[in-house]
Amino acid sequence: MTDLTKLTLKSALDGLSKGDFTSLEITDAFLNKIDAINPKLNAYTLVTHEKAREDAKASDARRAAGNAGALEGAPLGIKDLFATKGYRTAACSKILGEFKPEYESTVTSNLWRDGAVMLGKLNMDEFAMGSSNETSAYGPVVNPWQVEKKLTPGGSSGGSASAVAADLCLAATATDTGGSIRQPASFTGTVGIKPTYGRCSRWGIVAFASSLDQAGPIAKDVTDTAIMLKSMCGHDIKDSTSLNVPVPDFAAAVSRGVKGLKIGVPKEYRLDGMPEEIEKLWQDGINWLKEAGAEIVDISLPHTKYALPTYYIVAPAEASSNLARYDGMRFGNRVDGKDLIDTYEKTRAAGFGAEVQRRILIGTYVLSAGYYDAYYLKAQKVRARILEDFTKAWEKCDAILTPTAPSAAFPLGQKQTDPIQMYLNDVFTVTTNLAGLPGISVPAGVDVNGLPLGLQVIGKALDEETLFAVAGSIEKAANFTAKPNL
Amino acid sequence: MTVEASTPVFTAFKTARPDQWVKGVTGDWEIIVGMEVHAQVAANSKLFSGASASYGGDPNSHVSFIDSGMPGMLPVINKFCVEQAVKTGLGLGAKINLWSRFDRKNYFYPDLPQGYQISQYLYPIVGEGELEVESEDKSTIMVGIERIHLEQDAGKSIHDLDPDATYVDLNRSGCALMEIVSKPDIRSPEEAANYFKSLRSLVRYLGTCDGNMDEGSMRADVNVSVRRPGGELGTRCEIKNVNSTKFVAMAVAYEARRQIEILEDGGSIDQETRLFDVKTGQTRTMRSKEDAHDYRYFPDPDLLPLVITQEWVDGIKATLPELPSAKKHRFINDFGLSAYDAGVLVADKEFSDYFEEAAKGTDAKMVNSWLTVELFGWLNKNGVEFANSPISAKNLGGLVKLIQDGTINGKIAKDVFAKMIETGDEPAAIVEREGLKQTTDTGAIEKAIDDLMATQPEKVTEAREKPKMLGWWVGQVMKSTGGKANPAIVNDILKKKLGIE
């Protein structure tokens, strides 16, 4: 029998549909592989063996009864930021301890509605704050590529990317506040899409920065991410920022081609000191799309250079308020002090890691009286300008091509001591979060060391279909078949 | 869309009337008061969650995951609460802002589960309006309304159940509050109390708040400062959470006196937040300006700006009931009531509804007097709530009708009234049962008069010399007829028989 874990989501769904194997069989295959490989990678923080097998059996019964959903029987990994009813949801923070919510996030509910099976919870940077998965209270995740080198899988959705790349699930949920889906996808040779802000409900996802957070999938190829996204998204009255728009058949757009599309190439994304191989990769992408019939146009996104500083004001500001609820009073861990204030301080000092504390401090500072106008308000103005840049660009093009990240995966520990170096990882990805636009990362090549590199396609709001078409075209041309050797 | 942020700069243009000035050792002082009233929206569910907003219940029994600040929970605005705020704004003749926004007010406290309160800081839903308020000299003043904004209530910390622990009840957490901010147009303790009373009356008319002060549905933060009449504004102190009209007046009076004493001793007022102690009638420091929080307000990213349409507002406007001030003017014009009487009746919608029901098809002024003198008198004396009045409006109106159509006279009516209180029966049935019907049978009255004249001839002579004796004779006849004779008829016959013009 073939190794079921190596299947793509699409082929697995086909196999299940044809009766080649059952959900229980493929679920067991994943559970066995997780048990064998996860200790090396630390991608899962919780493996829900029993629930997975129960889900799988129930799924097989539904299929037998002729009630198969769009993801029927597909074993998935769930980022620890999504509330899973009755199963530890800690956002990989000590402060939440063994918190088991009494509710299920809308996105995961949608997946279970469509018949998917939960394998467990995936590791991530604490509260999704980080670009290397090193801020997790459960320890860093190891990139399955050249595993002996102990490279980062990227962050914050490091567990999701690592698990998908290592075939520890068919696909995974992830979230992206500044690049947390796309950068890990780029580092692990997987595909990740951050849809338009408002496509996926945020209800039941532990909040980091509410105006930027957006859920999306990481999967093995473009078609798989399209299938996953269709199930994940949809209007939710429980989230006031959720968009009430129809959900297209994203997968149908993957093979649409790019003939006649105008692809913008922004000059501001050409950074000083960017590795040559990233430049080359970008040029490859341009050539592939040209060959496939797209027209390449030079565009300008003049406020790009302000995106990163703007992001590192807006995101911490919102986070400092969103994380105020972790006070040890109602759930999670508490460290008792001599009085209320002391209890708050001890609880939060012990519960939050250094990076989370840093961002709470930055966020509190930029919202403080006397600093608000200079930082937060200014950042909001710049944010509006960044959106304007894109709006102008859409007059000239249908989608934008950029590198996903300024480098390939780097060794764990290398940038941990320098937050600025770490923040620079998000330089190509934060703009779409600030503008609320969709962005996809698709593997396009390898660097000199044989590590995967991704290209990013940015699209108009709610135009994920064009994104999938462009990504599908790149995927076909790049013919990226390399896999990590585990 | 351009929207002006609301950043009030308070000025007090009006100078108090000299009779409102407070005498100090060094001269006269003027009291300046502005109030922030928190009125809980009368709604079934909370401002941003579906949990019950009803009062009481076991601790923490009306709490959703949103109200308890669970990770990943999101607020969704309750349209009904927005409608109530708009309605209240319309009742105050205020500008309704079609674009408003929710901000987060950040601070830590155990009864604030999210670590922030969702409120409308810069862009409130209701802008400037005004409210008619009675001053202590019975004149009417207009108090400006600065704004009304919607916000979440916090939970309740309970400190006295355990010496070492504080308990938290989140039932109220997330309930919708309207914060109604006045301009500093109030100039005396009485005006402050009357403002609170008028506001309460208004929201109860509108049905947007039940006005139940015992349950904390309405509480006032009272800002008090003093100045030389018409002079520079003084430093204000804010007295938190005053929950009755009486206490508002007491707090203002005490606080003004305290500030005047400090100033006259050469001291200065510290801007601070104070508490009113209902036991001593005094205010005391709660926190000084130095301890003031930096709330780090910023727009709540979980909520879109609140956008409503003029059509929707117009639709709400069309449903507004008649408001107290309009009703007062109508009562004066249509029923001929005095401004004072009309004011008493419209102060409470229950009173005016009762009055109008009772006054249907009968003498409104007489109904007013039976209601405000007799019924209110009995209720007060016996400590009975108006809502539990033993006499229905219909029956009180019926009693007045019986007097008007001559079935009973005023004296008998008081006996009937007493029986109505006792039994709750209809007045006509009581009159019938007790045989209290007034005698208009002139033959019977003539006979009673003849009998009396025959037994007391000397009084007859006396009366013919002194016509003022007529009153004594009427009394005698009424007595002999058990009070049932029609006094007018008795009068006529007596005059004829005694030969008095």
Side-chain angles (χ1 to χ4, degrees), chain A residues 81-83 89-91 93 96 99 101-103 105-106 127 198 201-207 209-213 236-242 314 317-318 320-332 340-341 343-345 348 363-372 376-377 380, chain B residues 5 47-50 60 63-79 101-118 121-122 155 157 159 164-168 170 173 291-307:
Chain A
L81 208 59
F82 293 81
T89 300
S93 177
L96 271 158
F99 177 66
E102 284 298 315
Y103 45 88
S105 83
T106 299
F127 283 106
S201 168
R202 293 183 296 112
W203 194 88
I205 300 175
V206 176
S210 312
S211 75
L212 303 160
D213 294 345
D236 180 9
I237 54 163
K238 291 186 288 185
D239 173 1
S240 308
T241 62
S242 162
V314 174
E318 293 181 11
S320 71
S321 175
N322 282 335
L323 269 57
R325 67 189 60 203
Y326 306 104
D327 57 5
M329 294 295 142
R330 297 168 308 288
F331 45 76
L340 178 64
I341 300 294
T343 299
Y344 281 151
E345 288 175 356
R348 289 165 68 83
T364 304
Y365 179 83
V366 299
L367 289 176
S368 295
Y371 301 98
Y372 180 88
Y376 184 79
L377 206 59
Q380 291 294 13
Chain B
L47 184 54
F48 296 111
S49 84
N60 297 307
V63 186
S64 76
F65 295 131
I66 297 167
D67 311 321
S68 53
M70 288 285 164
M73 291 298 97
L74 298 172
V76 175
I77 185 79
N78 179 340
K79 187 177 179 183
R101 192 180 77 188
F102 287 97
D103 300 298
R104 290 186 185 176
K105 179 180 181 177
N106 296 283
Y107 66 96
F108 284 95
Y109 206 67
D111 61 21
L112 188 77
Q114 296 168 133
Y116 54 83
Q117 177 196 34
I118 306 177
Y121 179 53
L122 285 180
S157 293
H159 302 288
D164 302 316
T166 292
Y167 289 84
V168 175
L170 296 178
S173 165
D291 303 329
H293 295 287
D294 178 355
Y295 290 118
R296 306 189 311 280
Y297 286 99
F298 76 108
D300 191 329
D302 286 333
L303 292 160
L304 301 171
L306 180 57
V307 180

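Below, read A as the first sequence line, B as the second, and so on, with proteins coming before strands; counting in each chain starts at 1.
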Practice item. Measure A:Thr364 against the heavy atoms of chain B and call it side chain, backbone, both or neither at under 4.5 Å. Key: both

Point to revise | Close side-chain approach of B:Tyr109 and A:Leu340, heavy atoms under 4.5 Å | key: yes

Review point. For B:Asp300, which residues count as a side-chain hydrogen bond (donor to acceptor under 3.5 Å, both in side chains) partner, sequence neighbours excluded?
Key: B:Arg104

**Study point:** Interatomic spacing from CD1 in B:Ile66 to CH2 in A:Trp203 - rounded to 0.5 Å
**Key:** 7.5 Å

Review point. Between A:Leu81 and chain B, which part of the residue has a heavy atom less than 4.5 Å away: side chain, backbone, both or neither?
Key: neither

Practice item. Report the distance from atom OH of B:Tyr116 to atom CG of A:Asn322, rounding to the nearest 0.5 Å. Key: 5.5 Å

Exercise for review: Can you see which heavy atom on A:Ser240 is nearest to which on B:Pro75, and at what distance?
Suggested key: OG-O, 3.0 Å

Study note, to complete from the structure: Okay, A:Ala369 and chain B: the region with an atom under 4.5 Å from a heavy atom over there is both

Check your understanding: Is the count of non-hydrogen atoms from other residues, nucleotides or ligands lying under 6.0 Å from A:Ile237 atom CD1 greater than 12?
Key -> no

Practice item. Measure the spacing between CZ of A:Phe99 and CE of B:Met70 and express it to the nearest 0.5 Å. Key: 5.0 Å

Review point. Taking atom CD of A:Gln380 and atom CZ of B:Phe298, what is their separation to the nearest 0.5 Å?
Key: 9.5 Å

Review point. Between B:Pro110 and A:Met329, what is the shortest heavy-atom contact and its length?
Key: CB-SD, 4.4 Å

Review point. Under the side-chain contact (heavy atoms from CB on, under 4.5 Å) test, which residues partner B:Thr166, sequence neighbours left out?
Key: B:Ser157, B:His159

Point to revise | Exam field: side chain A:Arg202 to backbone B:Gly72, donor-acceptor pair closer than 3.5 Å | key: no

Revision key, fill the gap. Applying a strict 4.5 Å limit to non-hydrogen atoms, the region of A:Ala317 in contact with chain B is backbone

Review point. Considering all heavy atoms of both residues, which atom of A:Ser368 and which atom of B:Arg296 are nearest to each other, and what is their separation?
Key: OG-CD, 4.0 Å

Check your understanding: With a cut-off of 6.0 Å (strictly less than), are more than 12 heavy atoms of other residues, nucleotides or ligands near OH of A:Tyr103?
Key -> yes

Exercise for review: Report the option among A:Tyr371, A:Phe82, A:Tyr376 that has the most heavy-atom pairs separated by less than 4.5 Å from atoms of chain B.
Suggested key: A:Tyr376

Point to revise | Taking every non-hydrogen atom, the tightest pair across A:Arg330 and B:Ser68 | key: NE-O, 2.7 Å

**Study point:** Check: B:Asn106 side chain, A:Ser321 main-chain N or O, donor-acceptor pair, under 3.5 Å
**Key:** no

Point to revise | Side chains of B:Asp302 and A:Thr241 in contact at under 4.5 Å (non-hydrogen atoms) | key: no

Review point. What is the minimum heavy-atom distance between A:Tyr372 and B:Pro299, and which atoms define it?
Key: OH-CD, 3.7 Å

Practice item. Specify the closest pair of heavy atoms between A:Arg325 and B:Met73, including all atoms of both residues, with the distance to one decimal. Key: NH1-O, 4.3 Å

Review point. Should B:Pro71 and A:Leu96 count as side-chain neighbours, where that means a heavy-atom distance under 4.5 Å?
Key: yes

Point to revise | Most chain A-contacting option - heavy-atom pairs closer than 4.5 Å, from B:Gly115, B:Pro113, B:Gly50 | key: B:Pro113

